[in-house]
Amino acid sequence: MDLVVIGEGGHSKVIKDLIHSKSDVKIIAILDDKYDELTVINEIYIGPTSSAHLLLSQRNHLKFVIAIGNNEVRKSIVTKLGLAKENYVSLIHHTAIVSSSASIGNGTVIMANTIVSADTCVGDHVIINSGAIVEHDNHIGDYAHIAPKATLTGSVIVKEGTMIGAGATVIPGKSIGEWAIIGAGATVISDIPTNSTAVGTPAKIISSRKFA
Ligand SMILES: CC(C)(COP(=O)(O)OP(=O)(O)OC[C@H]1O[C@@H](n2cnc3c(N)ncnc32)[C@H](O)[C@@H]1OP(=O)(O)O)[C@@H](O)C(=O)NCCC(=O)NCCS
């Protein structure tokens with residue numbers, strides 16, 4: 001598979017490691033808006049994100065992944081590019097354990113040493129980060145990020161754009177609203193409303209924000 005990686009920050013380093021562990025995936029381009037024009041360096045195209053359409057017009061089998069950790073930025077790039085859903089590929093590290101009854105959306109990345117258990121449904125452009133445990137029957141909305149070592153214990157609903165911080169735990173059956181942020185190490189024992197930030201054990205809301 002010929003792959004275009006969009007984004008060249010810290011998160012993309014982890015995604016590149018994942019890709020390099022796969023013999024059937026080859027990075028042919030890295031696009032980031034820190035670049036002004038499309039060039040070729042060491043046989044890899046380097047250029048701004050707007051080059052995606054040109055590359056796709058030359059090779060219509062190309063696949064894309066947005067390698068950007070910030071959920072809002074990831075969504076804004078998907079919206080700006082307007083590529084078809086099928087142009088995005090999901091990438092799963094070879095050490096991840098993903099149930100055959102789980103569903104994984106387009107553009108979603110599942111990092112090393114993760115577990116995605118039975119009947120869990122993961123949306124598009126989600127990050128299941130290193131060591132996260134996503135137990136059975138969870139529903140994770142598009143653009144969410146389950147940070148390293150976070151745990152969704154089962155039947156948890158994580159809505160669009162939500163960030164579950166590193167090492168946080170959500171007890172069974174709780175719901176986290178759109179674009180909420182759960183602090184690192186939190187223990188969520190109640191539903192968390194849309195756009196809220198909650199921290200601590202048990203998690204308490206410390207702020208609410210408007211999503212532009
Ligand atoms: C929750 C979080 C987003 C808050 O960030 P922030 O809005 O900048 O908040 P602040 O740092 O100003 O902290 C506000 C208050 O919450 C407390 N707080 C912040 N994060 C906390 C956490 N994870 N657990 C407990 N308390 C926390 C602070 O001590 C501070 O308390 P105070 O008002 O009594 O001094 C951030 O601290 C966090 O935990 N992010 C998750 C990072 C992560 O897991 N990244 C994964 C990358 S792969």
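All ligand and atom numbering here is 1-based and tracks the order in the structure. For the single chain, residues carry numbers from 1 onward in sequence order.
No hydrogens or angles considered: a donor-acceptor pair under 3.5 Å links the side chains of E135 and S117. Checking Y35 against E8 by side-chain atom types alone, a donor-acceptor pair falls below 3.5 Å.
Put simply, atom 5 (O) of ligand 1 has no protein non-hydrogen atoms near it, under 4.0 Å away. When distances from atom 2 (C) of ligand 1 to the protein are checked, no heavy atom turns up under 4.0 Å. Under the 4.0 Å distance rule, the nearest protein heavy atom to atom 9 (O) of ligand 1 falls outside the cut-off. The presence of a protein heavy atom under 4.0 Å from atom 28 (C) of ligand 1 is ruled out.
Nearest approach of D33 to T49, heavy atoms of both residues: OD1-OG1, 2.8 Å.
Closest protein heavy atom to atom 45 (N) of ligand 1: M163 CE, 3.3 Å. Scanning all protein heavy atoms for the shortest distance to atom 38 (C) of ligand 1 gives A184 N, 3.9 Å. Closest to atom 36 (C) of ligand 1, if we only count protein heavy atoms, is G183 CA, 5.0 Å.
Of the candidates I181, T197, I206, V199, the one placing a heavy atom closest to atom 25 (C) of ligand 1 is V199. Summarising the contacts of atom 48 (S) of ligand 1 with A198, G69, A168, P148, the nearest heavy atom is found in P148.
Atoms OG and CG, from S101 and D119 in turn, are 4.0 Å apart once rounded to the nearest 0.5 Å.
T120 places no side-chain N or O within donor-acceptor distance of the main-chain N or O of A102, the cut-off being under 3.5 Å. Judged purely by atom type and a 3.5 angstrom limit, N106 uses its side chain to pair as donor or acceptor with the backbone of K85. Checked by atom type and distance alone, the side chain of N195 never pairs as donor or acceptor with a backbone atom of S208 at under 3.5 Å. Panel note: side chain H93, backbone S21; no donor-acceptor pair is recorded below 3.5 Å. A donor-acceptor pair is defined here as one N or O able to donate and one able to accept, closer than 3.5 Å; such a pair exists between the side chain of T108 and the backbone of H125.
At least one N/O-N/O distance between A166 and ligand 1 falls below 3.5 Å.
Close approach to G165 involves these atoms of ligand 1, each under 4.0 Å from a residue heavy atom: 44 (O). Near A147, meaning under 4.0 Å from any of its heavy atoms, are these atoms of ligand 1: 46 (C).
Contacts of H11 with ligand 1, taken as heavy-atom pairs under 4.0 Å, are absent altogether.
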